[in-house]
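Inspection log for the structure reproduced underneath, given as C-alpha cells.
Everything numeric here is computed off the predicted structure, so don't read it as measured data. When a ligand or atom number is given, it counts from 1 through the structure's own listing order.
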Amino acid sequence: MIKVGIVGISGYSGVTALEILLKHPKVRVTYVSANQTNGKVEDIWPKLKGQCSLSCSRYQAEKAVKSCEVIFLAVPHTVAMGLTPELLKSKVKIIDLSADYRLPEADHYQKFYETVHKDKGNLKNAVYGLPELYRTQIKKAILVANPGCYPTAAILGCAPIMATYSDTVEQIIIDAKSGVSGGGKKLSESLMFCEVNENFKAYKVLSHQHTPEIEHYLSRLAGKDFPLTFVPHLLPVNRGILATIYISLNKKMSYQQVYDLYQKFYKTEPFTRVLKPNEHAELKNVTYTNFCDIGISVDENKKLLIITSAIDNLLKGAAGQAVQNMNIMHQFEETTGLL
Ligand SMILES: NC(=O)c1ccc[n+]([C@@H]2O[C@H](COP(=O)([O-])OP(=O)(O)OC[C@H]3O[C@@H](n4cnc5c(N)ncnc54)[C@H](OP(=O)(O)O)[C@@H]3O)[C@@H](O)[C@H]2O)c1
C-alpha cells in the first residue's frame, strides 16, 4: 500500500483522481487539499457520500509531506511549480496534471503561458507522462508531467506515422473538439450553459497553449522540428475529446500499410485501441474510460491520411493517465484501478 495525496480536490481532475484512487487496491488516500474550498469531502462532492471520510483544507506542505509518498497536483499551471520544489526535496514523488513541467525549455513556457517559469531547475527532472512513448522513463521518474488532454489525443493519433515515416509526412492539421469540463470548474462566462448549449465554436485559433506541447513531442519522435496546425473547438457536451487529424504525405501509402503500422505500434498497449477498417473514433465509446480509440482512413491518390482519435479528457486526458503513470512508477499492474 502506498500513501497518496491529491491537491485540487474541489476541481474536476482532482475529484476524478480521487474517485479512482479510493477504489485502487494498492493505494490509501491520506491527504486531500484545495485552495479556498474546505470541509468534508463528502460535503464538497455529495456523490462520494459514505465513500470517503477525509476532510479538505488549504494546502499545507508540512502536512502533505508527512502523510504522503506520492502527490497528484490537480491545480492550475503556475500553482504546481510553486509546490513542487519543496515536495521533491522531501522525497515525495509528484504527478503534475498541470502544464508546468511539460515543456522542457523555460523560454518556451514563458512564451506560451505568458509567465516566467519559477522552477527551471526541476524541468530536467520531469518525465513526460505518456506511457505509450515514455514508459521506461516513467518507471524511474520522481516528477511526472502528465500530458494535456488535447496533446494526449493528438500525439497518440500521430505517433506511429511520425516515429516511422516522418520524412513522408508533409503537413499535419489537427482539428480537435473538447467537452466543457476541459476548462475546469472555475467560473467563466464563455463556459456558461447558455453560451455553450446548442453552440459549437472554434477558440484560441492559432494561439492555443497546447500547440507547442504537441509540436515538441511529435518533433522529438520525428527527430526534426515539425510545425503543425492545431485548432481547438468547444463541444456542448460535458466530457470527451475528438481529434480529426489530416496528414498529407509526399508518397502514396496504402490503407493496409498504415493500419499495420498503427496496429504494430500499439499492439501491447492496454489503453490505446486501433479500430477496425471503416470504424472511426467516437466519444461515447471512450467517455468514462481510460481508453484512446484511433480510427484510420487513407485516400491513396490524394496521399492523405485521416486519423480520428478520441479520449475522455478527465481520464486518459488527465486523472486516468495520472493513475496509469503512478502504477508504472510503482511497478503495479498498469491497468489497476482503471479497467
Ligand atoms: N479539466 C481537464 O480536462 C484537464 C485535462 C488535463 C489537464 N488538466 C489540468 O489539470 C489541472 C486542474 O484542472 P481542473 O480542470 O481539474 O481545474 P479546476 O476544476 O478548475 O480545479 C482546480 C483545483 O485547483 C485548486 N487550486 C487552485 N489554486 C490552488 C492553490 N494555490 N493551492 C492549492 N489548490 C489550488 C482549486 O481549489 P479551489 O476550488 O479551492 O479554488 C481546485 O480544486 C489544470 O492545470 C489543468 O490544466 C485539466
Side-chain angles (χ1 to χ4, degrees), residues 5-20 31-41 43-45 54-61 63-64 71-84 86-87 94-103 109 112-113 115 118 128-130 144-156 176-188 190-191 204 208-210 213-214 232 234-235 237-243 283 286-288 290 292 310-325:
I6 304 163
V7 187
I9 199 65
S10 53
Y12 290 150
S13 311
V15 73
T16 307
L18 178 64
E19 285 178 271
I20 301 169
Y31 179 74
V32 293
S33 79
N35 190 29
Q36 289 159 343
T37 311
N38 55 51
K40 288 184 179 172
V41 168
D43 291 337
I44 300 166
W45 292 106
L54 293 165
S55 283
C56 169
S57 55
R58 204 183 184 93
Y59 177 75
Q60 279 178 282
K63 227 172 154 185
I71 293 239
F72 292 77
L73 296 178
V75 294
H77 70 279
T78 70
V79 174
M81 63 185 167
L83 311 183
T84 294
E86 197 170 350
L87 291 171
I94 296 176
I95 300 170
D96 175 24
L97 279 71
S98 89
D100 282 351
Y101 296 92
R102 293 182 201 150
L103 297 174
Y109 180 88
F112 287 94
Y113 289 88
T115 182
K118 289 184 292 191
Y128 193 61
L130 193 60
V144 166
N146 214 58
C149 45
Y150 281 125
T152 297
I155 295 170
L156 291 177
K177 304 100 188 158
S178 171
V180 185
S181 60
K185 201 181 168 203
K186 63 191 175 304
L187 292 178
S188 150
S190 62
L191 300 182
K204 292 194 182 175
H208 195 280
Q209 67 278 10
H210 284 167
E213 186 180 331
I214 301 169
L234 186 63
L235 267 183
V237 298
N238 286 355
R239 51 206 279 175
I241 285 184
L242 176 68
L283 291 191
V286 295
T287 45
Y288 300 94
N290 197 48
C292 174
I311 59 167
D312 184 313
N313 55 296
L314 292 174
L315 285 162
K316 187 62 176 163
Q321 184 142 262
V323 173
Q324 190 181 349
N325 283 320

Which protein non-hydrogen atom lies closest to [atom], naming both residue and atom, and how far is it?
atom                    : result
atom 13 (O) of ligand 1 : S13 OG, 3.6 Å
atom 34 (N) of ligand 1 : A34 C, 3.3 Å
atom 41 (O) of ligand 1 : N35 CB, 3.6 Å
atom 3 (O) of ligand 1  : N313 ND2, 2.8 Å

For [X], the ligand 1 atoms whose distance to one of its heavy atoms is below 4.0 Å:
X    : result
G182 : 1 (N), 2 (C), 3 (O)
S10  : 36 (C), 37 (O), 38 (P), 39 (O), 40 (O), 42 (C), 43 (O)
Y12  : 16 (O), 19 (O)
V79  : 28 (N), 29 (C), 30 (C), 31 (N), 32 (N)

G317 N/O under 3.5 Å from ligand 1 N/O: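 By distance alone, the answer is no.
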Any N/O pair V7/ligand 1 closer than 3.5 Å: no
Residue list, ring-ring contact (aromatic ring centres under 6.0 Å, His included) with H77, at least two apart or on another chain: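 Y113.
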Polar side-chain atom of N146 near backbone of A318 as donor-acceptor pair, under 3.5 Å: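 Looks like yes, one N/O pair under 3.5 Å.
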side-chain contact (heavy atoms from CB on, under 4.5 Å) involving K118 - partner list, sequence neighbours excluded: M81
Atom 21 (O) of ligand 1 within contact range, any protein heavy atom under 4.0 Å: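 Given the 4.0 Å limit, the answer for atom 21 (O) of ligand 1 is yes, a protein heavy atom qualifies.
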